Amino acid sequence: MTQPIVDTLCVIGPGLIGSSVLRRARLDSAIARETIAVDRDEQVCARVCELDLADIITTDALRGAAEADVVMLCVPVGAIATVAAEILPVMKPGAILTDVGSTRRSVVDAIAPHLRPDVAYVPAHPMAGTEHSGPDAGFATLFENRWCLLTPLENTSSKAIATIEALWHAMGARTRVMDIDHHDRICAIVSHVPHLLAFSICHTADTLADELRSEVLDFAASGFRDFTRIAASDPIMWRDIFLNNREAILEMLERFAQDAQKMATAIREGDEATIVSSVERGRAIRRSLIENRQA
Ligand SMILES: NC(=O)C1=CN([C@@H]2O[C@H](COP(=O)(O)OP(=O)(O)OC[C@H]3O[C@@H](n4cnc5c(N)ncnc54)[C@H](O)[C@@H]3O)[C@@H](O)[C@H]2O)C=CC1
Ligand SMILES: O=C(O)C(=O)Cc1ccc(O)cc1
């Protein structure tokens, strides 16, 4: 029998993303020989146990990390560096630390002082998810045909990078290695600012409902519903993302505001050509996303 990609895989934070990884590992013995799930929340551990998602389930991060060959941190961005600092001293020599956090620069900088020369750190962010969270929300096919963006440090061994890439390939994902700051700018425009806009437009509509004393949201058309699906996402997760990718988000938000302002000017001035060309451009982009099966 061929060796699995990882001997012992420890997932810390088996919520939407972590439980999806564990579900996939349950289905495919080529991923890991043994799995460990760690969560500080006893109720999450109890649920992971009921769902039979891992071989060992514990609230003790040190125990899980000490036994693992790969430790994957799937906790909110604001908790990643704290958990990393706690577990790094007990990790096995030669083991790999990875995390799935949605932002990179501040996390990598906060982890850097705690790194050991004999433990590789390979951040890997799956560009896949939903607006739901917790262990019940996960599913084994979540990463199929999705990108996973790896942002290793310059001195990270190519063997460790290859192991994490193999892990994500086995989960159905495509991988791309990229620069840390490049990652944060891309994610700001394709993920973080769209979430910000969805939260904000819900807020605006709700405030208007108060002012008009009307059930504005009861009349939400399907466009509003499609556009705001992501506004149902977890507040702690998004607080952490916004605060940890501050510069790139503010830059992209400013660019967006300029484009929205151009549309406002075109509408005010009855500039048909600008309005039509903007809608045409959006339509072409949306159609190409569907053709590439990313929508
Ligand atoms: N939700 C999404 O669509 C995506 C999320 N991500 C990233 O993945 C990570 C996890 O997100 P989700 O799975 O959505 O979150 P989740 O809320 O579903 O699960 C997070 C889990 O971490 C546990 N946790 C929190 N702090 C902990 C700590 N200090 N020690 C141990 N466990 C702890 C929580 O109890 C929870 O079970 C985040 O960093 C997020 O930015 C990445 C891609 C997509
Ligand atoms: O629900 C959706 O469509 C998402 O976009 C989920 C998501 C959230 C955060 C990420 O870092 C990546 C993907």
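Indexing begins at 1, ligand by ligand and atom by atom, following the structure's order. It should be emphasised that the depicted structure is a prediction, and the values quoted were computed from it without experimental measurement.
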Starting from [atom], locate the nearest protein heavy atom and write down its residue, its atom name and how far away it is, to 0.1 Å.
atom                    : result
atom 2 (C) of ligand 2  : R229 NH2, 3.5 Å
atom 5 (O) of ligand 2  : H195 CE1, 3.6 Å
atom 12 (C) of ligand 2 : H125 NE2, 3.8 Å
atom 7 (C) of ligand 2  : G129 CA, 4.4 Å

Apply salt bridge (charged side-chain N to carboxylate O under 4.0 Å, His left out) to residues R281 and D259 and explain how you reach the verdict. CA-CA 13 Å; R281 205 163 159 201; D259 278 342; over 6 Å; no

Residue that, paired with R23, satisfies side-chain contact (heavy atoms from CB on, under 4.5 Å) out of D28, L51, L142: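 So, applying the side-chain contact (heavy atoms from CB on, under 4.5 Å) to R23 and each of D28, L51, L142, only L51 qualifies.
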
Checking side-chain contact (heavy atoms from CB on, under 4.5 Å) against I80, which of I111, D240, N244 comes through?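 The passing option is I111.
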
Can you list the ligand 1 atoms lying under 4.0 Å from a non-hydrogen atom of [X]?
X    : result
G101 : 39 (O)
I17  : 4 (C), 5 (C), 6 (N), 8 (O), 13 (O), 43 (C), 44 (C)
V100 : 6 (N), 7 (C), 8 (O), 9 (C), 42 (C)
V44  : 37 (O)
V77  : 39 (O), 41 (O)
H125 : 42 (C), 43 (C)
G15  : 13 (O), 16 (P), 18 (O), 19 (O)
S102 : 6 (N), 7 (C), 40 (C), 41 (O), 42 (C)

Tell me whether G134 has any N or O atom under 3.5 angstrom from an N or O of ligand 1.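 N/O-N/O distance under 3.5 Å: yes.
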
State whether the shortest distance between N or O atoms of P126 and N or O atoms of ligand 1 falls below 3.5 angstrom.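 Checking ligand 1 against P126, no N or O pair falls under 3.5 Å apart.
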
Using a 4.5 Å cut-off on heavy atoms from C-beta on, say whether the side chain of L9 contacts that of V21.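 They are in side-chain contact.
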
Angle between ring planes, F242 versus F199, binned at 30° and 60°: parallel, tilted or perpendicular?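 Ring orientation of F242 relative to F199: perpendicular.
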
Could you check whether T175 and H169, counting side-chain N and O atoms only, form a donor-acceptor pair closer than 3.5 Å?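 On atom types as modelled, these side chains qualify, holding a pair under 3.5 Å.
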
Please work out, at 4.0 Å between heavy atoms, whether the side chain, the backbone, both, or neither of [X] comes within that distance of ligand 1.
X    : result
M237 : side chain
C74  : backbone
D234 : neither

Among the heavy atoms of S233, does any lie under 4.0 Å from an atom of ligand 1?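 No heavy atom of S233 comes that close to ligand 1.
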
Looking at M237, which atoms of ligand 2 are within less than 4.0 Å of one of its heavy atoms?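 Those atoms are 8 (C), 9 (C).
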
I'd like to know whether ligand 2 has H192 as a neighbour, heavy-atom separation below 4.0 Å.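 Per 4.0 Å heavy-atom rule, H192 does not contact ligand 2.
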
